[in-house]
Student: 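Please read through the structure below; I'll follow up with questions.
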2 protein chains.
Amino acid sequence: MSLKYAVLASLLEGEASGYELSKVFDVSFANFWPATPQQLYRELERLAQDGLVEARFVQQERRPNKRMFTLTPAGREDLRAFAVEPPRRPTAVRDELLIKLQAMEDPEAAHALVEERMTWARGKLDRYERVRDRLLDGRTEDEYLRESDRVGPYLTLLRGISFEEENLRWCERVLGVLKHRAAWG
Amino acid sequence: MSLKYAVLASLLEGEASGYELSKVFDVSFANFWPATPQQLYRELERLAQDGLVEARFVQQERRPNKRMFTLTPAGREDLRAFAVEPPRRPTAVRDELLIKLQAMEDPEAAHALVEERMTWARGKLDRYERVRDRLLDGRTEDEYLRESDRVGPYLTLLRGISFEEENLRWCERVLGVLKHRAAWG
DNA sequence: TGGGTCATGTAACACGTTACATGATTTC
DNA sequence: GAAATCATGTAACGTGTTACATGACCCA
């Protein structure tokens with residue numbers, strides 16, 4: 001149900017192919033609604049049948065042919081109605097590391113897993129920084145917020161950044177606790 | 001695949017019925033691996049067949065009969081091996097509010113949704129505080145960390161707390177941005 | 001007398017994952 | 001010469017969601 005609206009929302013940025021959308025859902029949208037290419041092709045098929053998106057065939061010579069999708073007025077309206085309704089499902093986080101940590105008996109292994117998570121989080125923050133730069137495009141945050149008509153993409157990006165920053169802080173905390181115990185152990 | 005280990009990990013706390021586990025997955029485990037009762041019953045059935053948990057029938061007179069599940073040595077070993085492996089899947093967050101915000105055109109509606117989220121986050125933090133008190137059981141954090149042999153449950157609780165705190169900070173930020181724009185609008 | 005708790009479960013469906021297939025083109 | 005990119009898709013499977021059913025008990 002929500003994937004549907006995530007796809008519609010991503011088409012607010014303009015016409016896109018399934019392949020292009022799969023890139024979006026692998027990077028920016030991944031932070032709050034991940035989806036695989038297969039899910040997207042299935043969903044786009046349905047949306048097209050329901051008249052919420054329109055598909056346009058594009059013949060290509062040196063590349064496989066593709067279909068470009070656009071929001072229809074009906075799709076735009078459906079999305080608008082969705083956006084103002086309170087969410088029915090609470091936020092769901094699935095983090096395998098926390099299962100491992102919950103079960104963990106070996107502090108050395110725990111240490112290694114947490115270090116790995118930190119490296120990964122730093123990498124993600126770097127990528128977010130680049131996305132932010134592309135969005136701001138040389139402007140300050142203030143200027144951007146004044147000029148752009150849609151703030152949504154920026155606010156969701158901020159959420160991704162703050163999630164990873166908090167991730168790092170929590171990791172530091174965990175390492176501290178593990179060290180503490182090692183000192184007494 | 002991970003639900004399996006989440007169930008095994010929750011049985012580290014001791015014997016439990018499917019119903020009891022469904023409470024755990026609705027509260028503490030919900031922060032990193034939510035699951036419905038139906039998923040748990042299905043999973044427990046499988047785990048019992050694979051010999052990773054053992055089921056014990058308990059006849060009751062004034063309540064429906066129940067089955068109590070315990071980790072077998074094989075289950076404990078399987079879990080231990082899982083815990084030291086690096087996670088194969090990255091953290092996945094699914095947050096409907098962010099889809100709505102991404103698509104949002106109406107700042108008033110956005111404001112309302114964010115306020116609602118803040119109320120909800122504060123409620124969750126309160127509940128976490130109570131879980132924390134129960135865990136610490138009158139001891140300071142330092143005492144607890146020295147005395148308990150498993151720190152996992154405390155570290156995952158900290159993650160839940162830090163997630164909601166960050167959630168609140170981000171919400172404040174969003175409200176600030178919306179106000180900012182309203183002032184210029 | 002209506003709703004919540006205890007306790008399990010079935011059935012149907014929706015959603016998500018994995019593996020595979022195609023095949024030219026571009027990049028290292 | 002191998003791997004990645006573009007671009008789509010099928011098939012099979014595994015996971016997660018929703019609705020429903022049972023039935024006694026407890027509480028206000």
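So you know, we letter chains A, B, ... as the sequences are listed, proteins then strands, and number each from 1.
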Student: Nearest to the side chain of B:Pro64, heavy atoms from C-beta on, is which of D:dT8, C:dT17, C:dC6?
Tutor: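 Per side-chain heavy atoms of B:Pro64, the pick is C:dC6.
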Student: Answer with yes or no whether A:Arg42 presents, from its side chain, a donor or acceptor under 3.5 Å of a partner atom in the base of C:dG16.
Tutor: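 Under the 3.5 Å cut-off, the side chain and the base do form a donor-acceptor pair.
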Student: Nearest-Å distance, NZ (B:Lys66) to P (D:dA24)?
Tutor: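 Answer to the nearest Å: 19 Å.
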Student: For DNA chain C, whose closest nucleotide is more 5', that of B:Glu45 or that of A:Ser2?
Tutor: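 Here B:Glu45 is the residue nearer the 5' end.
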Student: Between A:Ser17 and D:dT8, is there a contact of a side-chain N or O with OP1 or OP2 at under 4.0 Å?
Tutor: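 Yes, A:Ser17 has a side-chain N/O under 4.0 Å of OP1/OP2 on D:dT8.
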Student: Are B:Arg181 and A:Tyr144 in a cation-pi contact, defined as NZ or CZ under 6.0 Å from the six-membered ring centre and within 45° of the axis?
Tutor: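 Because its charged atom misses either the 6.0 Å distance or the 45° angle limit, B:Arg181 does not stack over A:Tyr144.
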Student: What is the distance, rounded to the nearest whole Å, between atom CG of A:Leu21 and atom C1' of D:dC6?
Tutor: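 Distance check: A:Leu21 CG to D:dC6 C1' gives 14 Å.
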Student: What is the ring orientation for B:Tyr5 with B:Phe82, classed by angle as parallel under 30°, tilted 30 to 60°, or perpendicular over 60°?
Tutor: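 Parallel.
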Student: Look at the side chain of A:Lys23 and decide which nucleotide, out of D:dC6, C:dC15, C:dT18, has an atom nearest to it.
Tutor: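 Among the listed nucleotides, the one closest to the side chain of A:Lys23 is D:dC6.
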Student: Round to a whole Å and report the spacing from CE of B:Met1 to P of D:dT15.
Tutor: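 Rounding to the nearest Å, CE of B:Met1 and P of D:dT15 are 7 Å apart.
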Student: Between A:Glu141 and B:Arg173, does at least one N-O distance fall below 4.0 Å, as a salt bridge requires?
Tutor: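 Looking at A:Glu141 and B:Arg173, the cut-off is met.
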Student: Could you state the CZ-P distance from A:Arg46 to C:dC13, rounded to the nearest angstrom?
Tutor: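 One finds 14 Å between P of C:dC13 and CZ of A:Arg46, rounded.
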Student: May I have the distance from A:Arg67 (atom CZ) to D:dC6 (atom P), rounded to whole angstrom?
Tutor: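 So the CZ-P distance, A:Arg67 to D:dC6, works out to 19 Å.
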Student: Toward the 5' end of DNA chain C, which comes first, B:Arg89 or B:Tyr41, by nearest nucleotide?
Tutor: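 So the residue in question is B:Tyr41.
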Student: Look at the side chain of A:Gln38 and the base of C:dG16, then say whether one donor and one acceptor between them are separated by less than 3.5 Å.
Tutor: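 There is none.
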Student: Taking atom P of D:dG16 as reference, at what distance in whole Å does atom CZ of B:Arg94 sit?
Tutor: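 So the two atoms are 10 Å apart, to the nearest Å.
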Student: Taking B:Arg169 first and then B:Glu166, would you say they form a salt bridge - that is, a charged N and a carboxylate O separated by under 4.0 Å?
Tutor: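 Answer for the salt bridge query: yes.
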Student: So, does B:Gln39 get its side chain near the phosphate of D:dG16, meaning an N or O under 4.0 Å from OP1 or OP2?
Tutor: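 Yes, because at least one side-chain N or O of B:Gln39 sits under 4.0 Å from OP1 or OP2 of D:dG16.
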Student: Grab the CD-P distance between B:Glu43 and D:dG16 for me, whole Å please.
Tutor: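 Roughly 8 Å, once rounded to whole Å.
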Student: Is any side-chain heavy atom of A:Ser17 less than 4.5 Å from a side-chain heavy atom of A:Phe69?
Tutor: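 They are not in side-chain contact.
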Student: For the side chain of A:Tyr19, starting at C-beta, report the closest nucleotide among D:dT8, C:dG16, D:dT18.
Tutor: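 The answer is D:dT8, which lies nearest to the side chain.
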Student: Indicate, with a heavy-atom threshold strictly under 4.0 Å, whether A:Ser22 touches base, sugar-phosphate, or nothing.
Tutor: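 No contact at all - A:Ser22 keeps every heavy atom at 4.0 Å or more from the nucleic acid.
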Student: If I take atom CG in residue A:Asp26 and atom P in nucleotide C:dG16, what distance separates them, rounded to the nearest angstrom?
Tutor: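 Distance check: A:Asp26 CG to C:dG16 P gives 15 Å.
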